[in-house]
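Okay, so here's the structure we're looking at.
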Amino acid sequence: MTSTEIETKDTAIPTRRVTVTVNGEKRAADVEPRLLLAHLLRQGLGLTGTHVGCDTTNCGACTVLYDGAPVKSCTMLAVQADGHEVTTVEGLGTPSELDPVQEGFVAEHGLQCGFCTPGMMLAARALLDRNPDPTEDDIRWGLSGNLCRCTGYQNIVKAVLWAADKERTGDPDS
Amino acid sequence: MYPSRFRYEAPRSLDEALALLAEHGDEAKILAGGQSLVPMMKLRFAAPGVLVDINGIAGLGFHEETAGGGLRVGALCRHVDLEHSTVLPGAQPTMAAAAPLVADPIVRTRGTLVGSLCHADPQGDWASVMLALGGSVVAVSPRGRRTIPVGEFVVGTFQNALEHDEIVVEAVVPAAQGARAGSYLKLERRVGDFATAGVAMALESVGGQILRAGIALTGVGPATIAATEAAEALVGASLDPDVIDRAAELAAAAARPRTDHRGSADYKRHVVATFVRRMLTAERAPAGAAA
Ligand SMILES: Cc1cc2nc3c(=O)[nH]c(=O)nc-3n(C[C@H](O)[C@H](O)[C@H](O)COP(=O)(O)OP(=O)(O)OC[C@H]3O[C@@H](n4cnc5c(N)ncnc54)[C@H](O)[C@@H]3O)c2cc1C
Ligand code: FES
Ligand code: FES
C-alpha cells in the first residue's frame, strides 16, 4: 500500500487519513476534509486522467466510478472515498488489453481533443454495465451528464454501440 | 474551487448524527447526495463549519409501498433508485414520470429526493411532485419525531421549516383514494438543466370521478407553488374540455414567473397552461386512443 501526504495549510482542522481502493490498489492519504476527490486523484495520487472541466458539476469530465457507479469527482469530497472503491480511466483497461469502450472510441473515432473522453468512457462503462444492449437513444440519454465541445456526439454514440456489440456478440461489425 | 474549511463528521447511526447537530447548532449542515450542497460550498454560497455526512448511516436508502398505495422514501434513496424503481411504475405515475427528468444521469447517482426537498430550490422537481401528491417529510430530533406536510416544509427560496437539530429521515406519500393517475412535465433548455417550467399532476379517482387532485408548479415562482384552485376545479368533475381549460387557466394564474434567461414570464405561464391541458387530455383519452 502506498501512502501520500497531501499538502495542507496550517489550520485548526485536522487532516484525516483515508484509505481508498483506486483501480484495485489500496492507497492511503492524509487529506483536508475540503479536498475534492478529483484533486486527491490528480494531485495526490498523480492520476491525471481524471479531468476537471467546469468545476461546477455540469460537464462530467471528472466522472469516475465510485463503488461502480458514475459520480462527478469534482462534487465529492476525498474523505467520502474512505473505505470505498474508485475506478479512474487509468483503471478501465491496460494498454495491451483495452476495455471494449476504449476500443470503441478508437475504432469509431469517438474523440477529438480528448478532454471529455475519460469521463465519457467511464459513464459509458457504467451505462453498459446496467444495460448491455442499449439503443442509440439509451446511449444519448445515459451520456447526457457528459458534455463534449468537439465531436457533436455522433461518434461517441457509435463508439459505445461498437463496445456494446463487441461485448454481446464478440463481433463489433456484426 | 475549494469550499472554505470545515470539520467533517461521518456518523454511523442516526443517534450519533443527532448528537453532532445538537452539539454544533447552526454551524452544522447535513451532507446527503451533496449535489446541491457541495457546489454551493465550492462557490462559497454556503460555508458550514461542520459537515455531518449521513451517507454512512445504514437503513436510509429504501423506498417502499405502504398499504393503500402510499410510499415511503428514505433519506438516502437516490434519484437513480427512483428512476429505475420497480415500485413506482403503475403505482406512482407522477413520481415515475419525474424521476428521469431530475438533473442528469451522473448527478442522479448521488442526489436524493429528501435532499432535494430540504434544499427547497424553487426549481427542484421533487418538491412539486410531493406537493401535488399531498406528501410530507418525517423529521427527527432529540425531542422526537414530527411529520411536516411538504406545503409547510418548503417555506421559501432555499428555506425549509427544519430546526437546526432536526434530520429528515424519510418522505411519505399518503395512501390514495381510489386509483392514481397523473404525470410530470418539465420544459428544459437541454437535458440536465433545471426547469424553465414544470408541472406535477396527481389525480385520485374512483369510477372516473376525481376524488382528490393535486397540481404543483416548478420554477415559476420564488418557491414551489401549489395550484390549489386549479386542482379544486377538478375534484368531483369529469375531464370535459371546459373543465380542462378552466384548470389550465387557473394553474397559469397561480404561477408567479419572472422573465429571465430561460424565458419571459408570459411564456412560462403559457407553458404551465399547456402542460396542464396536455396531461389532463391524456388522462381523458382511453388508453391507446389518440388524444
Ligand atoms: C448540474 C446539476 C443539475 C441539477 N438539475 C436539477 C434538476 O433539474 N432538478 C432538480 O430537482 N434538481 C437538480 N439538481 C439538484 C439535485 O437534484 C440535488 O441532488 C438535490 O437538489 C439535493 O439533493 P442531495 O441529496 O444532493 O442533497 P445535498 O446537496 O447533500 O443537500 C442539500 C441541502 O439539504 C440538506 N439536507 C440534505 N439531506 C437532509 C436531511 N436528510 N435532513 C436535513 N437536511 C438535509 C443539506 O444540509 C443541504 O442544505 C441539479 C444539480 C446539479 C449539480
Ligand atoms: S469538472 Fe466535474 S462536472 Fe465538470
Ligand atoms: S473531444 Fe473535445 S471535448 Fe469531447
Side-chain angles (χ1 to χ4, degrees), chain A residues 8-16 18 31-39 52 54-84 119-120 122-124 126-127 130-131 138-147, chain B residues 1-12 27-29 31-56 61 76 78-81 83-84 99-111 115 188-194:
Chain A
T8 50
K9 305 285 176 299
D10 69 322
T11 162
I13 292 170
T15 58
R16 288 174 71 107
V18 296
V31 302
E32 237 194 299
R34 65 174 176 161
L35 186 78
L36 301 169
L37 178 56
H39 297 304
V52 176
C54 66
D55 210 3
T56 54
T57 328
N58 281 285
C59 74
C62 64
T63 302
V64 300
L65 302 183
Y66 175 86
D67 295 335
V71 300
K72 296 182 180 180
S73 63
C74 74
T75 312
M76 279 193 71
L77 305 169
V79 282
Q80 293 187 279
D82 189 25
H84 292 267
M120 211 51 101
L122 288 160
L127 169 76
R130 190 189 281 280
N131 177 6
D138 293 337
I139 294 170
R140 287 187 184 279
W141 188 252
L143 297 183
S144 57
N146 297 77
L147 305 183
Chain B
M1 293 182 301
Y2 279 93
S4 45
R5 293 196 170 81
F6 56 85
R7 258 183 65 189
Y8 174 81
E9 300 284 354
R12 306 299 293 183
E27 269 286 278
K29 256 200 170 305
L31 177 69
Q35 300 302 291
S36 292
L37 183 55
V38 174
M40 300 267 280
M41 289 172 63
K42 288 172 68 180
L43 294 166
R44 309 275 174 120
F45 291 148
V50 181
L51 212 51
V52 179
D53 181 353
I54 60 171
N55 286 282
L76 289 176
R78 319 270 172 190
H79 305 318
V80 70
D81 302 328
E83 180 183 8
H84 297 289
L101 300 179
V102 178
D104 68 46
I106 318 281
V107 170
R108 287 200 291 276
T109 308
R110 294 296 300 166
E188 47 189 11
R189 294 172 303 171
R190 55 172 171 79
V191 174
D193 192 19
F194 285 93

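Letters go in sequence order (proteins before strands), and every chain restarts at 1.
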Original post:
Is it the side chain or the backbone of L37(B) that comes within 4.5 Å of chain A heavy atoms, both, or neither?
Top reply: neither
Original post:
So which part of N146(A) gets closer than 4.5 Å to some heavy atom of chain B, the side chain, the backbone, both or neither?
Top reply: side chain
Subject >> Residue pair V38(B) / L36(A): nearest heavy atoms and the distance that separates them >> reply: CG1-CD2, 4.4 Å
Original post:
Should R130(A) and V80(B) count as side-chain neighbours, where that means a heavy-atom distance under 4.5 Å?
Top reply: yes
**OP:** Taking the side chain as every heavy atom from C-beta outward, state whether K72(A) and D104(B) have any atom pair closer than 4.5 Å.
**Re:** yes
Subject >> P105(B) and S144(A), any side-chain heavy atoms less than 4.5 Å apart >> reply: yes
Subject >> I106(B) versus A123(A), closest heavy-atom pair with distance >> reply: CD1-CB, 3.9 Å
Original post:
Minimum heavy-atom separation for T109(B) to A69(A), with atom names?
Top reply: CG2-CB, 3.4 Å
**OP:** Give the member of T57(A), T56(A), V52(A) that has the highest number of heavy-atom pairs under 4.5 Å with chain B.
**Re:** T57(A)
**OP:** Find out whether L51(B) and P33(A) are in side-chain contact, i.e. whether some heavy atom of one side chain is under 4.5 Å from a heavy atom of the other.
**Re:** no
Original post:
Which pair of heavy atoms, one from Y8(B) and one from R16(A), lies closest together, and at what distance?
Top reply: O-NH1, 3.1 Å
Original post:
Which distance, rounded to the nearest 0.5 Å, do you find between the CE of M76(A) and the CG of D53(B)?
Top reply: 8.0 Å
Subject >> Interatomic distance, L77(A) atom CG to N55(B) atom CG [nearest 0.5 angstrom] >> reply: 10.0 Å
**OP:** Assess whether atom CZ of R44(B) is packed by more than 12 heavy atoms of other residues, nucleotides or ligands within 6.0 Å.
**Re:** yes
Original post:
Looking at CG of D55(A) and NZ of K42(B), how far apart are the two atoms once the value is rounded to the nearest 0.5 Å?
Top reply: 3.5 Å
Subject >> Any donor-acceptor pair under 3.5 Å from R34(A) side chain to Y2(B) backbone >> reply: no
